[in-house]
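Working notes for the structure below.
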There are 2 protein chains.
Amino acid sequence: MGEAAKRRHGDAAEKLPAEGTQARRFGKTRSAQSTALLEDYVELIADLLMSSGEARPTDIARRLGVSHATAVKTISRLKRAGLATARPYRGAFLTEKGRALADRVRVRHRLVVDLLRALGVPTEAAEADAEGIEHHVSETTLKAFAQYLKSLG
Amino acid sequence: MGEAAKRRHGDAAEKLPAEGTQARRFGKTRSAQSTALLEDYVELIADLLMSSGEARPTDIARRLGVSHATAVKTISRLKRAGLATARPYRGAFLTEKGRALADRVRVRHRLVVDLLRALGVPTEAAEADAEGIEHHVSETTLKAFAQYLKSLG
DNA sequence: TACAACATGTAGCCTTGGCTAAACTTTGAC
DNA sequence: GTCAAAGTTTAGCCAAGGCTACATGTTGTA
């Protein structure tokens, strides 16, 4: 938000596109936050299914550092969002849509981590920060990251 | 988000090192999200005070794209957090702590935007993405960014 | 001065994303 | 085959961060 706020709001101020643009930006940031958790869950479920064949609420909870009840609740949100399915006492599974999202998320995560490391960020910090950053990186920015990494050879 | 309540369930993170690490990471990401909004408010209030001498709920609301009621409610959270003060019908002001935070946030924002632009991200996208990214950039990563930008001259 | 327009504040409702507690299934060791 | 341990689900609570609707203050202008 570094841009200095121009005028005080008034007759002229309402016409400035700056406010609308900024508001849109913030709104986008906020809605990104609401999808970030679902992205994390989807990626983790894909991970667990791949490595152990099942994705149980308890394992998910332990990996994310939340209670198992929270994991269960979020899984049902995943179902509502059409990203996952779950049979009682049989864990979670991804829908086609969920798998597609998981793939996108994984690729994006890798790219962000690689970029941070390329800029000299230590691996540990890169992994940790990427966890938060990745949900806010647009397609445009992602392309620029890829481009930059390619230019490094 | 009740830091105290959240961490009361501390046993989850004490198990395996690998899982603990990941859990800590996610936990950090989540708590970063809860402070992100306050950071945005503080920076915007500093901005408005600078440019117009006052920070009214309505202006804040318009800039952030939320209702004035939401702005008012958040301002009282700011007060509770010791970041701002407010006199009825006279808008918001920052405490010493709030001003310090605003400064840090502004510097960080500039750095993130500059870095993105240096990597070839178009200005518009850089500004927009930075809004979301900046709240998740650690000190370590921030230093790496600064270092990289300096290396470009 | 008075009043309309606008800003502010309050109340009540919603969803998300946490938690604990308690009831219910599954499962593995006798 | 039983039964306790472990995992799962449900229910109910809380705070954050949105919203609308309504009541109350403030102010510019006629």
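In what follows, every chain begins at residue 1, and chains take the letters A, B, ... in the order their sequences are listed. Basis for what follows: all heavy atoms, side chains included, without hydrogens, waters or symmetry-related copies.
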What is the distance, to the nearest angstrom, from the [atom1] atom on [X] to the [atom2] atom on [N]?
X	N	atom1	atom2	result
B:R56	C:dC6	CZ	C1'	9 Å
A:R30	D:dC19	CZ	C1'	12 Å
B:L83	D:dA16	CG	P	13 Å
B:R90	C:dG9	CZ	P	10 Å
A:K73	D:dC14	NZ	C1'	10 Å
B:H68	D:dG25	NE2	P	15 Å
A:L38	C:dT16	CG	P	9 Å
B:L78	D:dA16	CG	P	12 Å

Only one of B:R106, B:R99, B:R63 forms a salt bridge (Lys or Arg N to Asp or Glu O under 4.0 Å) with B:D47, so which one is it?
-> B:R63
Does D:dA16 have OP1 or OP2 sitting under 4.0 Å from an N or O in the side chain of B:S34?
-> no
Donor-acceptor pairs under 3.5 angstrom involving side-chain atoms of residues 146-153 of chain B: please list them, not counting sequence neighbours.
residue	atom	partner	partner atom	Å
B:Y148	OH	A:Y148	OH	3.3
B:S151	OG	B:Y148	O	2.6

Counting heavy atoms from C-beta on, name the nucleotide in D:dC19, C:dG9, D:dT8 closest to the side chain of B:S67.
-> D:dC19
Which nucleotide in the set C:dC24, C:dC19, D:dC19 lies at the smallest distance from any side-chain heavy atom of A:T70?
-> C:dC19
Assign [X] to base, sugar-phosphate, or nothing according to its heavy-atom contacts below 4.0 angstrom with the strands shown.
X	answer
B:V66	sugar-phosphate
A:T74	nothing
A:T58	sugar-phosphate

Listed partners of B:A71 passing side chain to side chain contact (heavy atoms under 4.5 Å, CB included), at least two apart = B:Y41, B:I60, B:A61
Are any of the side-chain nitrogens in A:E127 or A:R110 under 4.0 Å away from the carboxylate oxygens of its partner?
-> yes
Considering only NZ, NE, NH1 and NH2 on the basic side and carboxylate oxygens on the acidic side, decide whether A:D114 and A:R117 come within less than 4.0 Å.
-> no
Mapping A:V72 and B:T35 to their closest nucleotides on DNA chain D, which lands nearer the 5' end?
-> A:V72
Between B:R80 and B:A71, which has a closest nucleotide on DNA chain D that is more 5'?
-> B:R80
Between A:Q33 and B:P88, whichever has its closest DNA chain C nucleotide further toward 5' is B:P88
